[in-house]
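Working notes, structure below.
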Amino acid sequence: MKITSKLPNVGTTIFTEMSALANAHNAVNLSQGFPNFQTDQRLSDLVTEAMNKGLNQYAPMRGVLVLREEISLKFKRLYNSTYNPESEIVITSGATQAIFTIISAFVHQDDEVILFKPAYDCYQPAIELNKGRVVPIQLEHPNYRVDWQEVEGKINSKTKMIVVNTPQNPSGTIFSKEDMLNLERLTKGTNIIVLSDEVYEHMIYDDQSHQSVCLFPELKKRSFITASFGKTFHNTGWKIGYCCAPSELMDEFVKVHQFNVFSANHPIQVALAEYLKTPEHYLELPKFFQQKRDLFLSLIQDANFDFIPSQASYFQLLDYSKITDENDVDFAIRLTKEFKIASIPMSVFNENNLDFKVLRFCFAKTDETLKAAAAILNQIA
Ligand code: PMP
Ligand code: GLN
């Protein structure tokens with residue numbers, strides 16, 4: 001049978017590949033971004049309770065209203081920003097589904113979508129499946145700063161969307177207030193939609209603050225925010241998240257959402273609504289993850305890798321150019337097989353696989369795992 005692929009250049013994701021390689025070689029796995037500790041028992045109990053109460057049939061299409069109300073309260077509390085729970089918030093099967101649905105709902109053939117590289121891997125295939133054109137803007141290691149003049153030069157009448165991701169995966173950097181003001185200035189008066197992927201909003205360190213698009217009134221009008229409970233509450237396998245946008249954008253989103261997934265997992269939504277009533281559950285995250293970052297970095301301070309401490313997310317970049325000039329994919333594979341430590345090569349997120357000789361390590365791991373990883377990294381000369 002002849003299959004004409006819609007994604008001829010796409011293989012298996014690097015996360016699947018590296019985790020499989022880590023398992024095959026019994027390596028310490030700091031590659032794919034997921035915690036190796038348990039989600040809060042209280043949250044698991046709330047899910048069980050909801051199941052035992054019989055909440056096992058379809059949830060409402062936009063999500064359980066009490067959960068949307070709690071999310072709305074969170075936006076009010078953290079950003080003094082109002083999203084109407086009835087019309088401006090939808091619960092999704094993870095941020096991935098929200099992102100795919102947003103792109104499918106708005107990107108037409110030949111529309112241009114600006115992507116900052118390195119970029120998380122799910123944006124580009126979704127744009128290509130919808131016959132949009134990716135307009136890449138490559139950022140440079142180690143600071144990954146945006147040149148807004150360059151962005152201005154790429155915006156034209158075909159620009160349909162700009163994807164931003166702050167805190168950024170994989171670089172662990174954040175957009176400043178000035179960055180957001182530039183984005184607001186450049187999109188004002190246009191029909192450009194901003195897809196703001198904010199899944200790491202609660203993982204931000206050294207007393208810096210998250211610059212959500214909802215803090216900027218003109219930006220908010222044209223933006224979707226995507227979020228992931230999997231990231232926030234250490235249960236990436238539950239695949240549940242949400243998105244927010246002004247109602248006229250959300251109505252268009254929902255046209256696709258209802259046929260893409262219809263609705264997300266019901267008992268988990270009911271449990272999350274209760275769990276979100278305690279804001280400490282997310283407010284304590286910066287401290288929790290900063291301790292992990294600091295532990296990891298203090299243990300490898302004498303290793304042969306160079307680094308700038310991650311500002312946000314749960315990823316730390318390590319520059320290995322003092323060790324070898326091998327390309328990053330080969331080096332990541334060799335580290336996994338020979339040294340038993342798995343990471344993600346950064347080039348897979350860059351335009352034309354640009355290789356800065358940098359690997360990404362996930363520090364959402366038990367202290368024991370971080371110590372084992374550091375002991376290995378310290379031996380690599
Ligand atoms: N965006 C970014 C930047 C991510 O790192 C991830 C990975 N979890 C996602 C979106 C997808 O989130 P989810 O697992 O909720 O689909
Ligand atoms: N977001 C996770 C990461 O960056 C991986 C998610 C996935 O495997 N698709 O590692």
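For ligands, and for the atoms within them, numbers begin at 1 and follow the listed sequence. Fair warning: this is a prediction, and the values are worked out from it, not measured in the lab. Any value given below was found using the heavy atoms of this structure, including those in side chains, with hydrogens, waters and symmetry copies removed.
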Set of residues satisfying salt bridge (charged side-chain N to carboxylate O under 4.0 Å, His left out) with respect to Arg77, sequence neighbours excluded
none

Just by distance, with hydrogens left out, do Glu201 and Tyr79 show a side-chain donor and acceptor under 3.5 Å apart?
yes

Could [X] and [Y] be called an ion pair, given the rule that one side-chain N must be under 4.0 Å from one carboxylate O?
{"X": "Glu368", "Y": "Lys371", "value": "no"}
{"X": "Lys322", "Y": "Asp306", "value": "yes"}
{"X": "Lys292", "Y": "Asp367", "value": "yes"}
{"X": "Lys357", "Y": "Asp355", "value": "yes"}

Could you point out which residue of Tyr275, Phe289, Phe229 forms a ring-ring contact (aromatic ring centres under 6.0 Å, His included) with His234?
Phe289

Ignoring hydrogens, what is the shortest heavy-atom contact between Gln316 and Arg293? Give both atom names and the distance.
OE1-CG, 4.2 Å

Can you name the closest pair of heavy atoms from Leu43 and Thr39 and give their distance?
CD2-OG1, 3.9 Å

Structural part of Ile344 in contact with ligand 2, heavy atom criterion under 4.0 angstrom
neither

Which residue and non-hydrogen atom of the protein lie closest to [atom], and at what distance in Å?
{"atom": "atom 11 (C) of ligand 1", "answer": "Thr96 OG1, 3.2 Å"}
{"atom": "atom 8 (N) of ligand 1", "answer": "Lys231 CE, 2.5 Å"}
{"atom": "atom 9 (C) of ligand 1", "answer": "Tyr120 CE2, 3.5 Å"}
{"atom": "atom 14 (O) of ligand 1", "answer": "Lys239 NZ, 3.2 Å"}
{"atom": "atom 2 (C) of ligand 1", "answer": "Asp197 OD2, 3.4 Å"}
{"atom": "atom 7 (C) of ligand 2", "answer": "Phe15 CD1, 3.6 Å"}
{"atom": "atom 12 (O) of ligand 1", "answer": "Ala95 CB, 3.5 Å"}

Any N or O on Tyr200 sitting closer than 3.5 Å to an N or O of ligand 1?
yes

contact_flag Thr13 ligand 2 heavy-atom lt 4.0 Å
no

Would a single hydrophobic cluster contain both Tyr314 and Ile308, if residues Ile, Leu, Val, Met, Phe, Trp and Tyr are joined by side-chain heavy-atom contacts under 4.5 Å?
no

Can you pull the side-chain hydrogen bond (donor to acceptor under 3.5 Å, both in side chains) pairs that have at least one residue in residues 54-72, sequence neighbours excluded?
Arg62-Asp251

Option of least heavy-atom distance to [atom] (set: [options]):
{"atom": "atom 15 (O) of ligand 1", "options": "Gly230, Ser313, Ser228", "value": "Ser228"}
{"atom": "atom 8 (O) of ligand 2", "options": "Met18, Gln32, Arg360, Lys231", "value": "Gln32"}
{"atom": "atom 9 (N) of ligand 2", "options": "Tyr120, Phe349, Tyr200, Phe315", "value": "Tyr120"}

Taking 4.0 Å as the limit for heavy-atom contacts, which would you say applies to Asn165 with ligand 1: side chain only, backbone only, both, or neither?
side chain

May I ask you to list the atoms of ligand 1 that are less than 4.0 angstrom from any heavy atom of Asn169?
3 (C), 4 (C), 5 (O)

Heavy-atom contacts with Gly94 under 4.0 Å: which atoms of ligand 1 show up? List them by number with element.
15 (O), 16 (O)

Measuring from non-hydrogen atoms of Thr236 to any atom of ligand 1, is the shortest distance under 4.0 Å?
no

